[in-house]
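Reading through the structure tokens given below for one structure.
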2 protein chains.
Amino acid sequence: MQIIQDNVLCTYYLNHKELKKVFTSEEHPFQIRRYSRNEVVFEEGEDIDGFYIQVSGRTKITTSVITGKALLLRFCSAISFMGDIELVQKVPIQSHVTAVEDTDFIFIDQTYIYNELMKDIAFLQQLLAHATYKLQTCTTASRINLLASVETRFASYLCTVRNGVSFGKEIQTANSMEIASLIGTTTRHLNRIMEKLVFDKVIEKNKKEIIVIEWTKIEELSGGLRYE
Amino acid sequence: MQIIQDNVLCTYYLNHKELKKVFTSEEHPFQIRRYSRNEVVFEEGEDIDGFYIQVSGRTKITTSVITGKALLLRFCSAISFMGDIELVQKVPIQSHVTAVEDTDFIFIDQTYIYNELMKDIAFLQQLLAHATYKLQTCTTASRINLLASVETRFASYLCTVRNGVSFGKEIQTANSMEIASLIGTTTRHLNRIMEKLVFDKVIEKNKKEIIVIEWTKIEELSGGLRYE
DNA sequence: TAATGAAAAGGACAAATGTCCCAAAAGGAG
DNA sequence: CTCCTTTTGGGACATTTGTCCTTTTCATTA
């Protein structure tokens, strides 16, 4: 992680439509923190040092389960708020966050949050809007998780990473073990599912890559479920 | 539903430690709305008329899935906030709410929410605390849903309804069809699970009732997952 | 009381998914 | 290049869960 001292960039980020109504004052005691691809942003269980607003790039939110595997919760892109649960509930970091591409955050120190922003109507409203939105999608995801098959979850995974891939960049992971773990299954079973999709000519696998031939079919299989 | 005109009771409810720091002013344009056992409080998809604070009793939050079944999201008791997602996101009611025993709510009209309380720091903070708490539990529930077996979910269901049952009251539902639907499975399979538990002398079934013999075993099976 | 219909119980089978394991392929390190 | 580790691919089998049906039980009403 590097801290970027660039007031122009910071002002530019703060000028985003969702943020400018919140951060009106000229002076901002904020930092830009930049994480490179694959860098860990938050480690589950540790204490958080402040509030993070993701303003660029793409991150992967996972959580570990009893088995020690990482289960995918969702992908995030700008604008996302991170640290809300932790700071409001005063609990340790709830999930593991990794940058899947170079990602910038605006970092706001927790004392500034507690002393200033937690008394700021605009900020509270914005935070609340984000929290309830997350809650809404989480509730939906929860019930879908209960009912969706591995095939559906795999298709959702593909759709989600597809949209996140900027033009020209390859898909982040064609690694069976990681995908299996993320969508909560075993490599063995994921293999079976992919085998079937290859047989049906919906996807192709050439070493180290998954190539989707029929996106429409994959979208259909995903049933609208997205990890974001 | 009946609207209770009882200022003493209303003041009593508002004096609850979580509420009194929010609602300090003497004059409160609030109502008490009382729902009897099994009465529907919210119908999924309809528009909400205001904000509801559950101050007594017990409610069941469900959501319907493609199959037309009702899937259990959680049980709620006092103090719970309802309508937060709907009012903040301005969306229709997201889930079906039924009173499982006589339940009182403080009702706050939406115009008062939008005009007054959404500008009230204490209220916003409280709302945020509730929303992030829900978010925290929902995230956990979501990943458990993905991995938990029907046996686990059934045990969780039993544990949850057990705690909610006031002394002397019988368990709300010993109805196989409803339980199966709530925990997201079929009666056939629920039957098998119960059969096994009866065989292992963990539970007993005498017509129309499920009697748990070994709560410790059920708690163990539930793996700590709770619908609340 | 007899007829009727909903709910419960459960057999038979199929589909989805997990576990265990082993062999082949691919990547790295020396 | 060779050896070693990791990943992939997949066979064989067990477990979980769903589907489809039939029978039984129970409650309700004509």
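Every chain is numbered from 1, with letters handed out A, B, ... down the list of sequences.
Distance, B:Asn175 CG to D:dA27 P: 13 Å, rounded to whole Å. Distance CD (A:Glu178) to C1' (D:dT6): 15 Å, rounded to an integer number of Å. Note: CD1 (B:Ile210) to C1' (C:dA8) measures 12 Å, nearest angstrom. The CD atom of A:Glu209 sits 18 Å away from the C1' atom of C:dA25 (whole-angstrom rounding). If you measure from atom CG of A:Asn206 to atom C1' of D:dT7, you get 16 Å, rounded to the nearest angstrom. Computed from coordinates, the B:Ile179 CD1 to C:dA8 C1' distance equals 13 Å when rounded to whole Å. Between A:Leu146 atom CG and D:dT16 atom P the separation is 17 Å, expressed in whole Å. Taking atom CG on B:Leu147 and atom C1' on D:dT16, their separation rounds to 14 Å, with Å as the unit.
For the residue pair A:Gln126/A:Glu18, the side-chain donor-acceptor check at 3.5 Å is satisfied. Between the side chains of B:Gln94 and B:Thr63, no donor-acceptor pair of N or O atoms lies under 3.5 Å.
When the salt bridge (charged side-chain N to carboxylate O under 4.0 Å, His left out) test is applied to B:Lys205, no partner is found at least two apart in sequence or on another chain. For B:Ser36, the side-chain hydrogen bond (donor to acceptor under 3.5 Å, both in side chains) partners are B:Glu39, not counting sequence neighbours.
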Query - Worked check of ring-ring contact (aromatic ring centres under 6.0 Å, His included) between B:Tyr52 and B:Phe107 - result: CA-CA 5 Å; B:Tyr52 290 70; B:Phe107 170 79; 5.1 Å; yes
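At the phosphate of D:dT17, neither OP1 nor OP2 sits under 4.0 Å from any side-chain N or O atom of B:Thr185. In this model, the phosphate group of C:dA9 is approached by a side-chain N or O of B:Lys205 to a distance below 4.0 Å at OP1 or OP2. Phosphate proximity of C:dA7 to B:Ser176: absent, as no side-chain N or O sits under 4.0 Å from OP1 or OP2.
The pair B:Glu219-B:Arg162 counts as a salt bridge, with a side-chain nitrogen and a carboxylate oxygen less than 4.0 angstrom apart.
When side chains are defined from C-beta on, B:Leu127 counts as touching A:Leu128, because their heavy atoms get closer than 4.5 Å.
Contact check of residues 187-199 of chain A against DNA chain C (heavy atom, cut-off under 4.0 Å) returns A:Arg188, A:His189, A:Arg192.
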